[in-house]
Undergrad: 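Structure below; questions to follow.
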Amino acid sequence: MNAPNERVALQRIECDLLVIGSGAAGLSAAVTAAAHGLRVVVAEKEPVFGGTTAWSGGWMWTPRNPVAQRVGIVEDIELPRTYLRHVLGAHFNEARVDAFLEAAPRMVAFFEEKTALRFEGGLKIPDTYGNVPGAGTGGRSVIAAPYDARQLGDLVHRLRRPMRETTFIGMTIQAGPDLAAFLNVTRSPRAFVHAATRVTRHLVDLAVHRRGMQLRNGIALVGRLLRSATDSGVELRSSSRAVRLLQEGGAVERLRAMFPAADQHWTLAVPSATGDGARLGESVGGSVDRTLAAPAAYCPVSLVPYGDGTVGRFPHIIERGRPGIVGVLANGRRFCNEGNGYHDYVTALLEAVPPGEEVASWLVCTRTFQRRYGLGISRPTPMPVGPFIRSGYLKTGHTIGELARNCGINAEGLERTIAEYNAYARKGEDPAFGRGSTVYNRYHGDARVKPNPCLAPIERGPFYAVKVVPGSFGTFAGLKTDANARVLDGGGVPIPGLYAAGNDMASVMGGFYPAGGIGLGPAVTFGYIAGLHAAGARSAAESSEANRVKAHQE
């Protein structure tokens, strides 16, 4: 270990493109550039690769992608463009939106044809705002196909492990048929066989490899991109942190140092995601866009107490849309349509809580609901719920009033809310917030519940509740870029040699969340765009230099 004042010797690395960070955006740029002839180095400040992408659900919003086209879902570019124009409003940037929409299907095709990346389609996943012109009802999302980590060889030991809270003893479960099987394990022999097979293999992997080897979701995307990077000759350097940017002749170079950062914060990003990219970009004149509708991609989270004193974070994505649950404030009143998108839930929460009060809400349901669908990190039957009650993660009560008192909620307010909700829920109605009125709501409901798949009364105790607070998947605010992912200075001029994608780039969605996967979809797409542009810029520079030399010789 180096003494406090000892300088660390730096090794000079020559490459055509240096990628800082190993999330989906960085790896996308690296693989694309390497496939087009550039010498590429990926510098990751942590000992493991994958960044926050490895903790993500892995879905990518990529309208008009070839996966959907292969099953007959074909649409004109004007449809998703119209949808984004209506959702983003004044934050609609035509050049950047068009660059994304035009490149997204080409990106998917490139990775499928030239790399180890394979995709599955979200053929039934609707956009968030189904009543907006141009909204899609399915096919605009893709996810990396499951991947066997054995194909990474020794590189598997440098792959980030998935997020503890969103796995089953370290095993990733993918939304769709895979998750449905686990939720129906006690109701369907076929589901039981599927779940048992997966769990058995996972236990064997834990015994042999000390980690899960069945990669799904975001970690499958990272695994396939790492395999592709290695196949393309990309040099992968871990424990290499970018310290500052150097400009030579007006272009940007990067230096790395060998020390980690472990700042803790309540988000769903990895602890090492501390804004290095934006800071480095600003240091050479880049400008961070702070005018977006929201600074981050919000998600409600609950804080999970562990026996060792640490606290985990669980993202509430699915159960809010199921029938028989409501979200309430400390006054006991509902404040939004619980089945809407996770970003919208937090936005509504931030707007509803009076100034000076704790920004928090409670998801309230019955024990029957929890046993059927789960509640936060507490899994449904057959997994035990007792440990989460004893730890205080879940609050309980034999009556609504007792539950309210145990949570610190206004008892009279909660009793009135549940009574009002139940009166309409029995008829499948929600006049207060219209739950179940959109395709997106109904997709996340339970089709077996009639007449409204998103509504069921909360009547028979015991009753359960979990406290949820604002969280985020990552930032929307980031460096201003042009349609080629080049970082812009304060005057709107591209900084030569400097690109940004992923969370370091100001979101093309303008601070809105029009569909699931609008984080990773643009991240991988603009990483692809950056890699292409860097390769083209290099080729243009070499061509220009060759012409200059030729002219000099003549």
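The chain is numbered in sequence order, starting from 1. Scope of the values below: all heavy atoms of this structure, side chains included, with no hydrogens, waters or symmetry mates.
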Undergrad: Determine yes or no for a side-chain-to-main-chain donor-acceptor pair under 3.5 angstrom, with Arg140 supplying the side chain and Ile125 the backbone.
TA: no
Undergrad: Would you find more than 12 non-hydrogen atoms of other residues, nucleotides or ligands less than 6.0 Å from Arg150 atom CZ?
TA: yes
Undergrad: Is the gap between the ring centers of His91 and Phe476 under 6.0 Å?
TA: no
Undergrad: Is a side-chain donor or acceptor of Thr525 paired with a backbone partner of Pro522 at a separation under 3.5 angstrom?
TA: no
Undergrad: Which heavy-atom pair separates Val487 from Tyr499 by the least distance, and what is that distance?
TA: CG2-C, 3.8 Å
Undergrad: Which is it for Glu338 and Val326 under the side chain to side chain contact (heavy atoms under 4.5 Å, CB included) test, yes or no, and what are the steps along the way?
TA: CA-CA 6 Å; Glu338 298 89 348; Val326 293; 3.5 Å; yes
Undergrad: Work out which heavy atom in Leu17 is nearest to a heavy atom in Ala33; give both atom names and the distance.
TA: CD2-CB, 3.6 Å
Undergrad: For the backbone of Gly130 and the side chain of Asp127, can you confirm whether one donor and one acceptor N or O come within less than 3.5 Å of each other?
TA: no
Undergrad: Return the CG to CG distance between Asp205 and Asp148, rounded to the nearest 0.5 Å.
TA: 7.5 Å
Undergrad: Which heavy atom of Arg160 sits nearest to which heavy atom of Ile219, and what is that distance?
TA: O-CD1, 3.0 Å
Undergrad: Has the side chain of His194 got a donor or acceptor atom that lies under 3.5 Å from a matching backbone atom of Arg190?
TA: no
Undergrad: Do Leu532 and Met107 touch side chain to side chain, with heavy atoms closer than 4.5 Å?
TA: no
Undergrad: When you look at CZ of Arg210, are more than 12 heavy atoms from neighbouring residues, nucleotides or ligands closer to it than 6.0 Å?
TA: no
Undergrad: Report the residue from Glu120, Arg216, Gln214 that forms a side chain to side chain donor-acceptor pair (under 3.5 Å) with Gln174.
TA: Glu120
Undergrad: Could you tell me if the side chain of Asn452 sits less than 4.5 Å from the side chain of Glu429, heavy atoms only?
TA: no
Undergrad: Kindly determine whether Leu117 and Leu221 satisfy side chain to side chain contact (heavy atoms under 4.5 Å, CB included), including the steps that lead there.
TA: CA-CA 7 Å; Leu117 193 47; Leu221 175 60; 3.9 Å; yes
Undergrad: Looking at Phe100 versus Tyr528, is the centre-to-centre ring distance below 6.0 Å?
TA: no
Undergrad: Return yes if some donor-acceptor pair links the side-chain N/O of Thr115 with the main-chain N/O of Ser228 below 3.5 Å, else return no.
TA: no
Undergrad: Backbone N or O of Ile377 within a donor-acceptor pair of the Arg379 side chain at under 3.5 Å?
TA: yes
Undergrad: Show your working on side chain to side chain contact (heavy atoms under 4.5 Å, CB included) between Arg81 and Asp98 and close with a plain yes or no.
TA: CA-CA 8 Å; Arg81 181 189 286 130; Asp98 283 356; 2.9 Å; yes
Undergrad: Hey, does the side chain of Trp55 reach the backbone of Arg161 with a donor-acceptor pair shorter than 3.5 angstrom?
TA: yes
Undergrad: Is the closest side-chain donor-acceptor distance between Tyr345 and Ser361 under 3.5 Å?
TA: yes
Undergrad: If I take atom OG1 from residue Thr167 and atom CE from residue Met163, how far apart are they, to the nearest 0.5 angstrom?
TA: 9.5 Å
Undergrad: So how far is it from Arg198 CZ to Phe168 CZ, rounded to the nearest 0.5 Å?
TA: 11.0 Å
Undergrad: How far does OG of Ser232 sit from NE2 of His36, to the nearest 0.5 angstrom?
TA: 10.5 Å
Undergrad: Return each pair, listed once, that meets salt bridge (charged side-chain N to carboxylate O under 4.0 Å, His left out) where at least one residue sits in residues 99-112; pairs must be two or more places apart or across chains.
TA: Arg70-Glu112
Undergrad: Count the heavy atoms belonging to other residues, nucleotides or ligands that lie under 6.0 Å from CD of Glu94, then report whether that count exceeds 12.
TA: no
Undergrad: OG1 of Thr52 to CG of Leu268: how many Å apart, nearest 0.5 Å?
TA: 9.0 Å
Undergrad: Minimum heavy-atom separation for Leu236 to Ala229, with atom names?
TA: CD2-CB, 4.3 Å
Undergrad: Determine the minimum heavy-atom distance between Ala220 and Ala144, stating which atoms define it.
TA: C-CB, 4.1 Å
Undergrad: Does atom CZ of Phe433 have more than 12 heavy-atom neighbours, drawn from other residues, nucleotides or ligands, at distances under 6.0 Å?
TA: yes
Undergrad: Within the structure provided, determine whether Phe119 and Asn65 are in side-chain contact (heavy-atom separation under 4.5 Å).
TA: no
Undergrad: State, to 0.1 Å, how close Gly324 and Cys365 come at their nearest heavy-atom pair, and which atoms those are.
TA: O-CB, 3.5 Å
Undergrad: Does some side-chain heavy atom of Pro162 sit less than 4.5 Å from a side-chain heavy atom of Arg211?
TA: yes
Undergrad: Identify the residue among Phe473, Tyr298, Tyr440 that makes a ring pair (Phe, Tyr, Trp, His ring centres under 6.0 Å) with Tyr342.
TA: Phe473
Undergrad: Look at the side chain of Asn217 and the backbone N and O of Ile173, then say whether any donor-acceptor pair between them is shorter than 3.5 Å.
TA: yes
Undergrad: Is it the case that Arg227 and Gln151 place a side-chain donor and acceptor less than 3.5 Å from each other?
TA: no
Undergrad: Determine, for Phe92 and Arg85, whether the Lys NZ or Arg CZ falls below 6.0 Å from the six-membered ring centre while staying within 45 degrees of the axis.
TA: yes
Undergrad: Return yes if some donor-acceptor pair links the side-chain N/O of Arg322 with the main-chain N/O of Asp446 below 3.5 Å, else return no.
TA: no
Undergrad: With a 4.5 Å cut-off on side-chain heavy atoms, are Thr166 and Ile317 touching?
TA: no
Undergrad: When rounded to the nearest 0.5 angstrom, what distance separates CZ in Arg442 from CZ in Arg435?
TA: 13.5 Å
Undergrad: Determine whether Leu27 and Leu226 satisfy the following criterion, side chain to side chain contact (heavy atoms under 4.5 Å, CB included), listing intermediate values before the conclusion.
TA: CA-CA 7 Å; Leu27 291 176; Leu226 285 175; 4.1 Å; yes
Undergrad: Do Pro514 and Tyr83 come within less than 4.5 Å of each other through their side chains, counting heavy atoms only?
TA: yes
Undergrad: I'd like to know if the side chain of Arg486 and the backbone of Thr481 have a donor-acceptor N/O pair within less than 3.5 Å.
TA: no
Undergrad: If you define the side chain from C-beta out and look only at heavy atoms, does anything of Tyr513 sit under 4.5 Å from Asp344?
TA: no
Undergrad: So do Phe111 and Leu225 actually touch side chain to side chain, heavy atoms under 4.5 Å?
TA: yes
